[in-house]
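Data first, discussion second: the structure below is written as structure tokens.
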Amino acid sequence: MRNNLPALLDVLRVQFADRVLSSNAAREQHGSGESHLPAAWPDAVVMAHTTQEVSDVLRACTKHHVPVIPFGAGSSLEGQIHAPHGGISIDMSAMDKVISVHDADMDCTVQCGVTRQALNEHLRATGLFFPVDLGAHASLGGMAATRASGTTTVRYGSMRDLVLGLTVVMPDGEIIRTGSRARKSSAGYDLTRLFVGSEGTLGIITELSLRLFGIPEATQTAMCSFNSIEDATETVVMALQCGLALNRIELADTLQMQATNRYSHTALPECPTIWVEMTGSPATVENDMATFEGLAETARQIDRATTADDATRIWRVRHDALYAARALRPGIKGISTDVCVPISQLPACVSAIQEVIATTSIQAPLVGHVGDGNFHLVLLYDPESETEVREARHINSSLVEMAIEMGGTCTGEHGVGLGKKPYLQAEHGPALGVMARIKKAIDPDNIMNPGKIFDL
Ligand SMILES: Cc1cc2nc3c(=O)[nH]c(=O)nc-3n(C[C@H](O)[C@H](O)[C@H](O)COP(=O)(O)OP(=O)(O)OC[C@H]3O[C@@H](n4cnc5c(N)ncnc54)[C@H](O)[C@@H]3O)c2cc1C
């Protein structure tokens, strides 16, 4: 494959001139990212500005049989942007225009490089917002490609639920449109959902139509501390079963709270903690927060935010959780693993994995979007220590096995990339073969992000 690279680069340089980058700095930035996995650099990077340019790059790469790795903001955690087979990283970050906002229909169309923060800034005057709120600086194209979710997914759903339609460039350069702006459709196969979560292995998303929501009238936030993680997770399950106006409900364990206090210079109780936010009308919010406080009878302390600034501070520490966890062992990135289980299985899953962690020497703070049954462990291991590598792998695979056995999934939101590839067979069985057949039908030369999700 790589023999064709010089000829391909000649072609690309004619069209893209200094937007073809081959310095080590550019290649390193596009082949390492936030993952714990060893970097794998692309051979060159192309900065794309339009859908037509993306089509031109893909046509040229197909002709020369050179791999293409789409790049949004590079925040993915499972090696999704790595280039284990070399090739061209196509950087979509300059495609950052909000194309249209339809206030009355509560939807918008954006280019793939727009970040969710930039979109919400753009929407500020409309009273509308886009709810998927990751802890990272990520592009909406990358978020769709990894089927991302965030703290408000318990209320609004994930990228799976909020993408109405896409413009996609296929591996041979053909440009297609999937879905529409209609809220529902029975018109044929749901290609939008096929591309959402495909991690750049089927085509490149250049535009997205997204659902928007009205900013709720009232919001209340509280932090609740518990004596045990079981008490905390059981409270989460009860709160969900009561159908309260929950906008977010998040969990951290004692180690994560210690990490948070060190990193964020706070003095929060160092015990299992739930963050909870209710939104809706003032009466609903007041009523449901009071109901929640009644349900949380095992809580040892409940602190309601009294001002909007207070609430922002409370959520800031939650959003900084990964960096706080990593700061427990400076210089160590750790495996940021995530699983998702049916909500009733959550207390058992959390308790069982904490028992496994206790048999190792690994520090593994826990934090999660528990309202969805989704939680993360940051496994802080030293890649130079054989024992720690073995222990971290053991925790990761035990967690995944438990989650799958409980009817859950090996990844609730971070995606598969390279890191979760070994677990897909156990999760999907023969359905994995169907995925591989779809991939071969759409990308017969395997040029789109090869080696990710599965090996062909
Ligand atoms: C501190 C931190 C917190 C995080 N919190 C969350 C969280 O709360 N929820 C969550 O879901 N994730 C979270 N993540 C993971 C990460 O932010 C998400 O996976 C995010 O969706 C990746 O977006 P990106 O723009 O950075 O994509 P990239 O990392 O650039 O790419 C991710 C994948 O998508 C593909 N891709 C990118 N753009 C396109 C495109 N236009 N068309 C087709 N394929 C494309 C890439 O090839 C790659 O396979 C977190 C990461 C960090 C570092």
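Reckoned from all heavy atoms, side chains included, excluding hydrogens, waters and symmetry mates. Atoms within each ligand, like the ligands themselves, are counted from 1 in listed order.
A heavy-atom separation below 4.0 Å is not found between Arg147 and ligand 1. Using 4.0 Å as the threshold, Ser149 has a heavy atom nearer than that to some atom of ligand 1. Within the structure, ligand 1 has Gly203 among the residues with a heavy atom less than 4.0 angstrom away. Under a 4.0 angstrom heavy-atom cut-off, His414 registers as being in contact with ligand 1.
For ligand 1, one of its N or O atoms has an N or O atom of Gly74 under 3.5 Å away. On a distance-only criterion, Ser76 and ligand 1 share at least one N/O pair closer than 3.5 Å. The N/O atoms of Tyr323, backbone and side chain alike, include none that comes under 3.5 Å of an N/O atom in ligand 1. Residue Pro70 has at least one N or O atom closer than 3.5 Å to an N or O atom of ligand 1.
With a heavy-atom cut-off of 4.0 Å, Glu34 touches ligand 1 through its side chain alone. Under 4.0 angstrom from ligand 1, the non-hydrogen atoms of Leu77 all belong to its side chain.
For the residue pair Glu413/Ser158, the side-chain donor-acceptor check at 3.5 Å is not satisfied. Between the side chains of Trp315 and Glu277, at least one donor N or O sits under 3.5 Å from an acceptor N or O. Between the side chains of Thr152 and Asn247, no donor-acceptor pair is found at a separation under 3.5 Å.
For ligand 1, the atoms lying closer than 4.0 Å to a non-hydrogen atom of Asn449 are 47 (O), 49 (O). Residue-ligand proximity, Cys112 to ligand 1, at heavy-atom distances under 4.0 Å covers atoms 41 (N).
Comment: Arg19 engages Glu53 in a salt bridge, judged by a side-chain N to carboxylate O separation of less than 4.0 angstrom.
For an aromatic pair to be called close, the ring centres must be under 6.0 Å apart, and Phe129 with Tyr156 satisfies this.
Scanning the protein heavy atoms around atom 42 (N) of ligand 1, the nearest turns out to be Ile205 N, 2.9 Å. Among all protein heavy atoms, the one lying closest to atom 5 (N) of ligand 1 is Gly135 N, 3.4 Å.
The heavy atom nearest to atom 50 (C) of ligand 1, considering only Gly412, Ala136, Ser158, is found in Ala136.
For Lys421 (side chain) and Phe454 (main-chain N/O), no donor-acceptor pair under 3.5 Å exists by modelled atom type.
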